[in-house]
There are 2 protein chains.
Amino acid sequence: MARPLAFDPQEKLHQAMLLFWRQGYESTSVQDLVDTLQINRFSLYNTFGDKEALYERVIRHYRAHVFSHLEAHLQPAREGLPRLFAYLDAVCEGLARQPEPWGCLLQNSVISRNAFSPPLQGLVDEFITTLQGHVLAILEAAVESGQVNTDLTPAALADFVVIQIQGMLVASRGGAHEALRNSVAALGSLLGYRR
Amino acid sequence: MARPLAFDPQEKLHQAMLLFWRQGYESTSVQDLVDTLQINRFSLYNTFGDKEALYERVIRHYRAHVFSHLEAHLQPAREGLPRLFAYLDAVCEGLARQPEPWGCLLQNSVISRNAFSPPLQGLVDEFITTLQGHVLAILEAAVESGQVNTDLTPAALADFVVIQIQGMLVASRGGAHEALRNSVAALGSLLGYRR
DNA sequence: CGGGTAATTGACCGCTTGTTTAGAAATGGG
DNA sequence: CCCATTTCTAAACAAGCGGTCAATTACCCG
């Protein structure tokens, strides 16, 4: 056959994810990637395609290896509020554990979505759609089972909660960990959720 | 004396604000500014300094001519919840009226604060601090006067509401106007605020 | 009307961006 | 052992970035 790769693509992809996560898409140059991943410029293009193609793979990697663990807390939706707050607690904990306030790679991508081509925009938009779906299912179950007593529709409540989550993810980039915990506690109290 | 300016600095500053508002700081090049403001490159530097100095003046301009009108709804704080929801309604209305979903220039600046020098970072951080101050004062008055019945501290509630506002401002960039209104309605309902 | 002052002009600087090229090096099967 | 195949290396590409320059133009005051 031919000359084998001198590096592990998965490992390099992981390193690229960490770099993009910390610095953002636009602020991370190809030179940064070359320096950090310790592979040649051409090898980078040869294995991952151009910068945006690499970022797409990074996003999928993040979704599969980071977000999926958080997403697991949101199921099964029929259990209602305990699932929502298990997720919110895990989000708080994950954000607080970061050495620097990087926030969430997916939410960061949503914010800079205008820098992407339409297909990639669609991919990052899926994040909000997915979140919305999970939260809505949980709140429908919560309202139906009487966990939360309100005259609001589950859909309106879901909009409210998703926006709250988005706010938490951006606020975390200021390092306001206590504000995040306060925020979750307040939401719990207002929804009448007893732990 | 000497040759007078061939343009109105205030007018050009306003145009620069609109451009930065729409495109963001990093995505707006000096060439974009030259093309849009219709003044020469050097004249731009001569009157406003470098790109970051211009952006600082843009932020101050925004604060004085755009945000101040919204901020006015937050006072006097002693009136409590009506002031908060007057502000939130105005924010919703302002965001919905935008021809394209630009969000809030100040919140957008907070998000890309890492691209700025420390002094400018401080200036954009003032936005959250200011908002926090207003909201806290309102909620203290609201709790004390019994407008809202909760076992939460006003400080925790303020963290919650400020994060909610931040979430609204970033979500608006996806054009989700109805979700914003639902979100405000949900907050009102959960706080027991009757309009 | 003439001279001093300041705004304007457009070319130009060095640097970084993302991307590509041509040639050298390394592998494993026939 | 050698050649086909693929990776690797370093250099270079064009385009765009923020920022600066000397020369020119237009104005107001004396």
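Letters go in sequence order (proteins before strands), and every chain restarts at 1. Treat the numbers as computed from the prediction; the structure is a model and nothing was measured.
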Tell me if a side-chain donor or acceptor on B:Gln147 pairs with a main-chain N or O of B:Leu81 at a distance below 3.5 Å.
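Flag set: sc B:Gln147 to bb B:Leu81 pair under 3.5 Å.
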Is a side-chain donor or acceptor of B:Gln121 paired with a backbone partner of B:Phe116 at a separation under 3.5 angstrom?
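Present.
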Does any N or O donor sit under 3.5 Å from an N or O acceptor when you compare the side chain of B:Arg41 with the base of D:dG19?
yes
Side-chain donor-acceptor contact under 3.5 Å, B:Ser112 with B:Glu26
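The answer is no; no qualifying pair exists.
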Return the value, rounded to whole Å, for the distance between atom [atom1] of [X] and atom [atom2] of [N].
| X | N | atom1 | atom2 | answer |
| --- | --- | --- | --- | --- |
| A:Ile39 | D:dA10 | CD1 | C1' | 15 Å |
| A:Phe48 | D:dC8 | CZ | P | 11 Å |
| B:Asn46 | D:dG19 | CG | C1' | 13 Å |
| A:Asn40 | D:dT6 | CG | C1' | 14 Å |
| A:Phe42 | C:dT21 | CZ | C1' | 9 Å |
| A:Leu44 | C:dT20 | CG | C1' | 13 Å |
| A:Gln31 | C:dC15 | CD | P | 15 Å |
| A:Glu52 | C:dT19 | CD | C1' | 14 Å |

Greater than 12 external heavy atoms within 6.0 Å of [X]'s [atom1]:
| X | atom1 | value |
| --- | --- | --- |
| A:Asn149 | CG | no |
| B:Gln75 | CD | yes |
| B:Glu178 | CD | no |

For DNA chain D, determine which residues of residues 109-117 of chain A have any heavy atom closer than 4.0 angstrom to one of its atoms, and list them numerically.
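DNA chain D contact set from residues 109-117 of chain A: none.
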Near DNA chain D, counting only heavy atoms under 4.0 Å, which residues of residues 5-30 of chain A show up?
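When residues 5-30 of chain A is checked for heavy atoms under 4.0 Å from DNA chain D, the hits, listed by number, are A:Leu5, A:Ala6, A:Phe7.
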Can you tell me how far CD1 of A:Ile111 sits from CG of A:Leu169, rounded to the nearest 0.5 angstrom?
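Rounded to the nearest 0.5 Å, the CG-CD1 separation comes to 8.5 Å.
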Looking only at D:dT20, C:dT19, C:dT8, the nucleotide nearest the A:Asp50 side chain is C:dT19
Distance-only donor-acceptor pairs under 3.5 Å for side chains of residues 84-102 of chain B, two or more places apart:
from, atom 1, to, atom 2, distance (Å)
B:Asp89, OD2, B:Arg195, NH1, 2.9
B:Glu93, OE2, B:Arg97, NH1, 3.4
B:Gln98, OE1, B:Trp102, N, 2.9
B:Gln98, OE1, B:Gly103, N, 3.2
B:Gln98, NE2, B:Gly103, O, 2.9

Only one of B:Phe67, B:Tyr62, B:Phe127, B:Tyr25 forms a side chain to side chain contact (heavy atoms under 4.5 Å, CB included) with B:Leu105, so which one is it?
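Output: one option passes, namely B:Tyr62.
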